[in-house]
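One structure below.
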Amino acid sequence: MSASRDNDRRIEKYRRMQRIRQFETRAETIHAAGEIPGALHTYAGMEASGVGACMALRDDDYMVGTHRSHGHPIAKGAKLRPLMAELLGKVTGICKGKGGSMHLSDFSMGSLGETSIVGSGGPVTAGAALGAKLQGLDRVALCFFGDGASSEGAIHEGMNLAAVWKLPAIFVCENNRFGMSTPTAAGVAGAHVADRAHGYGIPGVIVDGQDVDAVEAAVREAVDRARAGKGPTLIETKTYRYADHAVNMGRDLTPRGPEHDEWLARDPIVLYRARLVEDGISGSDLDAIDVQVAEEVADALNFARESAYPAFEEAFDHVFVDRLPIPDDVRAHA
Amino acid sequence: MAKITYLEAIYQAQAEEMDRDSKVFIMGEDIRCNVFGTTTGFVERFGEERVRDTPISENGFIGAAGGAAMVGMRPIVDATISSFLFPAMDQICSIIAKSRYIYGGQAQLPLVIRSCLFYGNSNAAQHSDRPYSMFMNMPGLKIIAPSNAHDMKGLLKAAIRDDDPVMSFEDSTCWMVKSEVPDDLDFVIPLGKGEVKREGTDVTVVAIAGAVNIALKAAEKLKAEGISVEVVDPRTLVPLDRDIILRSVRKTGRAICVDPAHKTCSAASEIAATIAEEAFEALRAPVVRVTTPDTHLPFSPHIEKPLYPSVERIMDAARRLVGAPAPQPQPA
Ligand SMILES: Cc1ncc(C[n+]2csc(CCOP(=O)(O)OP(=O)(O)O)c2C)c(N)n1
């Protein structure tokens, strides 16, 4: 790769991390003001994990995510407008207002869902990898899941299946130290989730989840292996969740330890910016990106605000291929 | 008598039964930190052995509750949101519901599986289920679905003392509603006993869980229109108090079954079928169901909220059954 193309890639990683951070900062504020219904789980602190992983994927590779769903699509390159509109419950949202904050899933970017049932993405990932293999596509499928989710049977079943059938899958455990109020060690046996890979006879890799280049390199190796038909890899990104499990709940459930400040001091965006500047990329170029991203977020919010809410019929569409009729007694009061 | 909320009733029932019986213990995800206020001070009071935070593995810990029950413990599982029961379907349906039966009565599983019905607040389809009727279709599981704090406390205490597996479905729309609850430590409401929440003569409304409170509001409004509504709350879905329902329908000759669950195979469907089978001769009009239609629950509040049973929908149904015209809008 030429030096300038390499720089373009690195700037793109910076841009996507910024996009996630600024998108969510804005979302958190308007959620507090009541503009976003439901619960909002933010990805702040984990940007390098998602962006590093997605930058190792092709646009047509598959990805399955979680309830903490804002970071993954932005990391994979999704446009902000339909994501913001979804948060506001508008018909122009990526899920037409039917999914909301826990389901920002852009299928045009290879997403196969951001699912809010913890662990439920494991088997889907194995299945997508199987489907790709059976169709002779050289695509891979990547599963994001949390440390808490690693305790769900579905995650094990997905990994075992992928290992037995040597499927082109990558399982990325984003270990952000907590599942709601539960520290990882209280919910997950063994020192590292990645150690479980040995049980399946697949590589288990631990990577610094605050270092976007390191995450990308680890996932790239796993992707190459998967595409070469050598089967899945389990990667554990050691990262940190800055905000409470869900924001604006009035009470922080997270039992923060003394390491809290150390994590904040290793902010993935700040770290990366420093590295880029050290490597000769100008700070003012990066400032310009920050400004562009702020404009994108403002534009997305304007778009979302100006968009309409779904018509009532929308509640009956997409259960099946054909839209369901609205019962008369329900329609009368809609 | 003290006036307490539905959540406080859950807290009191658990605390009193854990005090009374050292075999009772509680486990679930993030229960020590007391997210909803149903385990306030439990760790200090009962210790970490009896107040257990679990990994996120519903099939594991709900199944483990079944195992602990088989060897003499009386677990309470707090499964938090009822949608999270689905990963545990295997253990609930294949082990917990069936062990007493397939082993010819050798196994006993006195456990309570609590979960809330978390609908109506833009939590989208994967968090908004009201799945009690799915479990009604599985023999071997007793099911309570209380509509107020009084019933919640009395039924939950009965459930904990019961020697069969009981599922407690707790309607989040009732959480903060207060009612008078006896202080008596042995206040229990027997499983399988419904209650007439309001007497009336023209129409019976049989309502499930939070729908009871909506039905009571509708009844009050219908009174102003000259329609007298009797509101029956079965409180327990398995065993179902068929007698109290049939007695009421034989009196009024008309029945509306109101249920926050989806229409097909809902609790309302079972109740409607029972009425049609057993009280056909008393009916002066068809039995009507007011339920959530058979679509998923969307995130966007504007299209979610109208899907649930409402005061207006119940009023419409009642007017239709008694043949009363809808009131004309008053000119402004
Ligand atoms: C099957 C299931 N059980 C419980 C929950 C409630 N819940 C939502 S997020 C969460 C914690 C998940 O922890 P982790 O997998 O580490 O992801 P994180 O939230 O830390 O990103 C829990 C328990 C759920 N959504 N689904």
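Protein chains get the first letters and strands the later ones, always in sequence-line order, with residue 1 at the start of each. Fair warning: this is a prediction, and the values are worked out from it, not measured in the lab.
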Take atom [atom1] of [X] as the centre, draw a 6.0 Å sphere, and report whether it contains more than 12 heavy atoms from other residues, nucleotides or ligands.
X	atom1	value
B/Glu44	CD	yes
B/Arg319	CZ	yes
B/His296	NE2	no
B/Lys263	NZ	yes
B/Lys217	NZ	no

State the [atom1]-[atom2] distance between [X] and [Y], to the nearest 0.5 angstrom.
X	Y	atom1	atom2	value
B/Phe84	A/Ile117	CZ	CD1	5.0 Å
A/Ser150	B/Ile56	OG	CD1	8.0 Å
B/Glu312	A/His333	CD	NE2	6.5 Å
B/Asp316	A/Asp329	CG	CG	8.0 Å
B/His302	A/Glu314	NE2	CD	14.0 Å
B/Asn59	A/Ser151	CG	OG	13.0 Å

Side chains of [X] and [Y]: does their closest heavy-atom pair fall under 4.5 Å?
X	Y	value
B/Cys33	A/Arg251	yes
A/Leu253	B/Val35	yes
A/Leu87	B/Phe299	no
B/Tyr308	A/Val330	no

Assess the residue pair A/His245 and B/Asp30 against the criterion (side chain to side chain donor-acceptor pair (under 3.5 Å)); give the C-alpha distance rounded to whole Å, side-chain angles, the decisive distance to 0.1 Å, and a yes or no.
CA-CA 12 Å; A/His245 172 68; B/Asp30 302 283; over 6 Å; no
Given that the side chain runs from C-beta out, which part of B/Glu58 has a heavy atom under 4.5 Å from chain A: side chain, backbone, both or neither?
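It is both, since atoms from each part get that close.
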Non-hydrogen atoms of A/Phe312 and B/Leu307 that approach each other most closely
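Shortest heavy-atom contact: CZ-CD2, 3.6 Å.
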Below 4.5 Å from any heavy atom of chain B, which atoms of [X] appear? Answer side chain, backbone, both or neither.
X	answer
A/Ala154	neither
A/Pro327	side chain
A/Met180	both

For chain B, which residues of residues 91-99 of chain A have at least one non-hydrogen atom nearer than 4.5 Å to it?
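The stretch touches chain B at A/Gly97, A/Lys98, A/Gly99.
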Who wins among B/Ile303, B/Asp294, B/Asp53, B/Thr292 for the most heavy-atom pairs under 4.5 Å with chain A?
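If we count pairs closer than 4.5 Å to chain A, B/Ile303 comes out on top.
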Hey, does the side chain of B/Ser300 reach the backbone of A/Gly89 with a donor-acceptor pair shorter than 3.5 angstrom?
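Looks like yes, one N/O pair under 3.5 Å.
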Test item: B/Thr295 side-chain N/O and A/Ala315 main-chain N/O as donor-acceptor pair under 3.5 Å:
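The answer is yes, because a donor-acceptor pair under 3.5 Å joins these two groups.
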Side-chain donor-acceptor contact under 3.5 Å, A/Ser116 with B/Gln126:
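There is such a pair (donor and acceptor under 3.5 Å, judged by atom type) between the side chains of A/Ser116 and B/Gln126.
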